[in-house]
Amino acid sequence: MNTISIAIDGPSGAGKSTLARAAASELGYLYVDTGAIYRTIGYYVLQKGIDPTDSLAVSNALPDIHVELEHGADGLQRMRLSGADVTAQIRLPEVSLAASAVSAHPQVRSFLLEMQRQLARAHDVIMDGRDIGTVVLPKADVKVFLTASDQARARRRCLELEQRGTPEPFEKVLREIQERDWNDTHRAAAPLRQAEDAVLLDTTRLDFRQSLKALLKIIKERV
Ligand code: DC
């Protein structure tokens with residue numbers, strides 16, 4: 001069966017997951033949040049007291065890591081680590097940095113590659129991440145590079161953390177976003193970059209409704 005794949009890449013806090021989830025629900029596709037998979041690995045290594053930047057230690061741990069994705073009827077993606085639901089825990093700020101660190105190791109990326117491709121073979125998907133259009137699904141039907149200024153992204157992340165009941169100071173959130181941007185774009189393995197055939201969507205001056213409209217327009221014009 002031929003399935004449709006929409007790849008959405010971009011830096012942290014650009015609104016990829018909220019927009020991709022809304023677009024997937026509108027189109028009836030499965031939404032796959034690949035960042036959550038890297039976060040689950042990051043969470044595991046933190047729990048085990050492994051240094052996320054230690055490539056050898058992280059690689060040695062991979063065979064013990066059992067990650068599963070579940071999609072409920074509500075379209076929400078839940079993450080399981082060795083059977084335990086870790087959906088909430090992987091959103092903690094320390095896990096964000098650990099996820100960024102473990103995602104730099106080529107062994108981690110290849111460990112997760114087939115899992116992501118399998119989902120796209122089995123379903124019509126909107127998949128978001130950093131290397132979906134460049135590495136995971138290079139033949140995706142539509143590729144979008146979704147971005148916004150770092151200040152706008154930090155403001156949105158602050159709001160999200162506030163709504164979750166875990167507020168953080170703006171300056172700290174901005175610094176973390178800049179640090180993750182640097183990590184994600186400077187690593188040797190599958191760095192974040194816009195695929196040549198990706199459409200650029202900058203949401204700095206757009207609200208959610210305008211961004212979703214623009215995203216759906218890009219998709220519908222091409223599928
Ligand atoms: O999208 P996110 O913020 O939840 O992702 C967490 C980290 O995982 C991010 O800093 C980089 C990494 N990541 C990646 O390297 N490749 C992906 N396809 C998705 C996420």
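Counting starts at 1 for both ligands and their atoms, following the listed order. Here the structure is a predicted model, which is why all the values come from computation and not from measurement. Counting begins at 1 with the first residue of the sequence.
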Report yes or no: does [X] contribute a side-chain atom to a donor-acceptor pair with the main-chain N or O of [Y] at less than 3.5 Å?
X: Arg187; Y: Ala190; answer: yes
X: Asp207; Y: Gln210; answer: yes
X: Asp128; Y: Ser17; answer: yes

Protein contact of [atom] - nearest heavy atom, named by residue and atom, plus distance:
atom: atom 4 (O) of ligand 1; value: Arg39 NE, 2.6 Å
atom: atom 17 (C) of ligand 1; value: Arg130 N, 3.3 Å
atom: atom 3 (O) of ligand 1; value: Arg180 NH1, 2.9 Å

Following the transitive rule for hydrophobic clusters with a side-chain heavy-atom cut-off under 4.5 Å over Ile, Leu, Val, Met, Phe, Trp and Tyr, establish whether Leu30 and Leu69 coincide in one cluster. yes
So, is [X] polar-close to ligand 1, with some N/O to N/O distance under 3.5 Å?
X: Asp128; answer: no
X: Tyr38; answer: no
X: Asp33; answer: no
X: Asp184; answer: yes
X: Thr34; answer: yes
X: Ser12; answer: no
X: Arg187; answer: yes

Residues Glu114, Arg121; criterion salt bridge (Lys or Arg N to Asp or Glu O under 4.0 Å); working and verdict: CA-CA 10 Å; Glu114 190 45 35; Arg121 277 196 293 271; 2.3 Å; yes
Apply side chain to side chain contact (heavy atoms under 4.5 Å, CB included) to Leu62 and Val108, showing your working. CA-CA 7 Å; Leu62 289 176; Val108 172; 4.3 Å; yes
Of the listed options (Glu179, Arg109, Lys16), which comes nearest to atom 16 (N) of ligand 1 when hydrogens are ignored and any heavy atom counts? Arg109
Quick note on ligand 1: atoms under 4.0 Å from a heavy atom of Ala99 include exactly 6 (C), 7 (C)
Asp64/Lys48 ion pair, N-O < 4.0 Å: no
Between Arg157 and Ser12, the two heavy atoms sitting closest are NH2-CB, 4.3 Å
